[in-house]
Structures are given as structure tokens and as C-alpha cells.
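So the structure is just underneath, and the comments pick up after that.
Below, all heavy atoms of this structure are taken into account, side chains as well, without hydrogens, waters or symmetry copies. Order of listing sets the numbers, starting from 1, for every ligand and every atom in it.
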Amino acid sequence: MSEEIIIANITKVLAQVSTAAQKHGRPADAVRVMAVSKTQPVEAVRAAARAGMRDFGENYLQEAVAKIEACADLSLRWHFIGPIQSNKTRPLATHFDWVHSVEREKILRRLSDHRDPDREPLNVCLQVNISGEASKSGARPEDIPALAAHASALPGLRLRGLMAIPAPSNDFDEQRAVADEVARLYRQLQREHATVDTLSLGMSADLEAAIAAGSTMVRIGTAIFGPRLARSPG
Ligand SMILES: *Cc1c(COP(=O)(O)O)cnc(C)c1O
């Protein structure tokens with residue numbers, strides 16, 4: 001994708017986000033856009049950064065670390081949104097500012113242990129597997145309160161909220177129903193934990209439904225960078 005197209009796409013996405021916020025009675029600045037740059041080259045990240053993007057999401061650790069290091073001059077915020085292997089918690093805690101895909105107590109403990117105590121705590125969202133979840137990842141809704149209590153007690157972490165990846169659907173009402181379910185759980189978590197301020201929900205195809213339900217962070221890949229590129233193994 002050329003820089004011009006990336007910039008035009010970002011303008012379009014930001015307009016969609018503010019239109020959706022306005023339409024559903026949310027403040028214009030209530031929703032942050034994370035640019036999901038998985039499989040995209042460093043030049044695409046730099047182009048998006050020049051267009052004002054500060055938050056970038058990555059799914060694959062090795063690929064991400066190379067990009068994070070190549071963009072160290074830009075002071076970007078990096079979010080890990082992919083599946084987590086327990087033997088990879090050290091590089092996650094070292095290189096990322098946020099991890100959105102935590103679903104187990106063991107991972108929480110390891111991320112906290114590996115976070116340098118001289119740095120800000122690692123921001124964490126718990127991934128919840130609501131009905132209609134596309135993948136099998138995410139904790140069961142009934143396990144979220146205990147996981148949240150655990151996360152809140154760990155010195156290396158700051159519990160920020162919930163993340164979900166609903167099953168793809170082209171139907172707005174269907175998207176909205178699932179998003180509402182996640183949002184209910186999020187509001188419950190907010191009542192129990194003062195640090196919770198982030199509902200990480202909504203992708204290119206369902207951002208309006210997510211914003212209508214109360215998302216505070218949408219994760220946008222395709223609508224900014226175009227189709228994902230082939231990825232070399234590893
Ligand atoms: C790839 C990915 C996205 C971005 O999806 P698009 O449909 O390309 O916007 C968002 N969230 C997660 C967890 C992803 O893996």
C-alpha cells in the first residue's frame with residue numbers, strides 16, 4: 001500500500017469512528033483507534049505514524065519485535081493482540097506497552113514477573129470468549145472476575161479492561177447483540193476495579209456496532225493497510 005492510500009484510509013477510518021460515536025451518543029474522543037500492522041512492513045507503520053497514528057497492534061511476536069526496534073525513534077505505543085505462549089512472556093513484557101489477549105492466571109503472573117519494576121506497569125486487557133467467539137481463545141465470562149482480581153493484585157501489571165474478537169457477521173443487529181454482551185461484562189468489571197477504562201472491541205467490519213455498545217478502542221487492520229500480506233513462518 002502506498003503512503004497516500006494509507007493516509008487516505010486513516011482519514012476515512014477516523015471519520016467513520018467519529019460518525020459512529022456521534023450517532024450513538026458517545027463523546028468524539030471516547031474511542032481510540034489502534035492500527036493493526038501485523039504482516040505489514042516497517043514503512044507502512046511509519047506512514048501511519050506520519051498520519052498521526054500512535055497505537056499499533058501486532059499478533060506475531062518475532063515480527064513485532066523487529067518492527068518495534070525499527071521504529072524505536074517514533075515513540076509509538078505497541079499492543080500485543082495475538083495468542084500468548086507462556087514461554088514468550090518475557091519478550092512481551094519487555095517490548096510491549098499493552099497486552100490485550102491474556103486469558104490465564106499463569107500468563108498474568110509471568111508477565112508481571114518479567115516486567116522491569118523501574119518501568120510503568122504493563123497495561124493488560126483480559127480476553128473474553130463470549131458466545132459466537134470466532135476462535136477458541138479467551139476466558140469464559142464467568143472466569144473473568146477472578147482473573148481480574150488476580151491481575152489487579154500483581155505489581156507489574158495495570159488491569160485496563162476487556163478484549164473480545166466476535167465471530168464475523170455482516171449483520172449489524174447480530175454484531176450489536178454480541179458487543180452489548182461484552183460491554184455488560186466490561187461495565188461490571190469497571191465497578192469492581194478503578195483502573196479499568198478500556199473496552200478493546202471492534203475491527204474493520206464491525207466498528208460501528210462496537211462503538212454503539214461502548215468500545216473505547218477499535219483495532220483496525222484491513223481498513224487502514226489493505227489486505228494482509230503473506231507471512232514468512234516463525
Ligand atoms: C487482525 C486483527 C484485527 C484487525 O482486523 P481487521 O479486520 O483487519 O481490521 C483486530 N484484532 C485482532 C485480535 C486481530 O488479530
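- Using a non-hydrogen distance threshold of 4.0 Å, Met34 does not register as a contact of ligand 1.
- With a heavy-atom cut-off of 4.0 Å, Thr222 touches ligand 1 through backbone and side chain alike.
- Defined by atom type and a distance below 3.5 Å, a donor-acceptor pair is present between the side-chain atoms of His79 and Asp55.
- Of all the atoms in ligand 1, the ones that sit under 4.0 Å from a non-hydrogen atom of Asn59 are 14 (C), 15 (O).
- What sits closest to atom 12 (C) of ligand 1 on the protein, heavy atoms only, is Ile81 CD1, 3.5 Å.
- Lys38 NZ, 1.4 Å is the protein heavy atom nearest to atom 1 (C) of ligand 1.
- Between Phe172 and His24, the angle of the ring planes stays under 30°, which puts this pair in the parallel group of the 30/60° scheme.
- A salt bridge links Arg140 to Asp143: one of the charged nitrogens lies within less than 4.0 Å of a carboxylate oxygen.
- Nearest to atom 10 (C) of ligand 1 among the protein's heavy atoms is Met203 SD, 3.2 Å.
- At a threshold of 4.0 Å, the pair Arg176-Asp180 counts as salt-bridged, since one of the basic side-chain nitrogens sits closer than that to a carboxylate oxygen.
- Protein heavy atom at the shortest distance from atom 9 (O) of ligand 1 is Ser204 OG, 2.5 Å.
- Electrostatic pairing of Lys67 and Glu63 counts as a salt bridge here, judged by a charged N lying under 4.0 Å from a carboxylate O.
- Checking Arg219, Met203, Glu58 one by one against Val36, the side chain to side chain contact (heavy atoms under 4.5 Å, CB included) holds for a single residue, Arg219.
- The side chain of Arg228, and not its backbone, has at least one atom closer than 4.0 Å to an atom of ligand 1 (non-hydrogen atoms only; side chain from C-beta on).
- Counting atoms of ligand 1 from 1 in the listed order, those under 4.0 Å from a heavy atom of Arg219 are 4 (C), 9 (O), 10 (C), 11 (N), 12 (C), 13 (C).
- For the pair Gln188/Glu192, a side-chain contact is recorded, criterion being any heavy-atom separation below 4.5 Å from C-beta on.
- Atoms of ligand 1 lying under 4.0 Å from at least one heavy atom of Ile220, given by number and element, are 9 (O).
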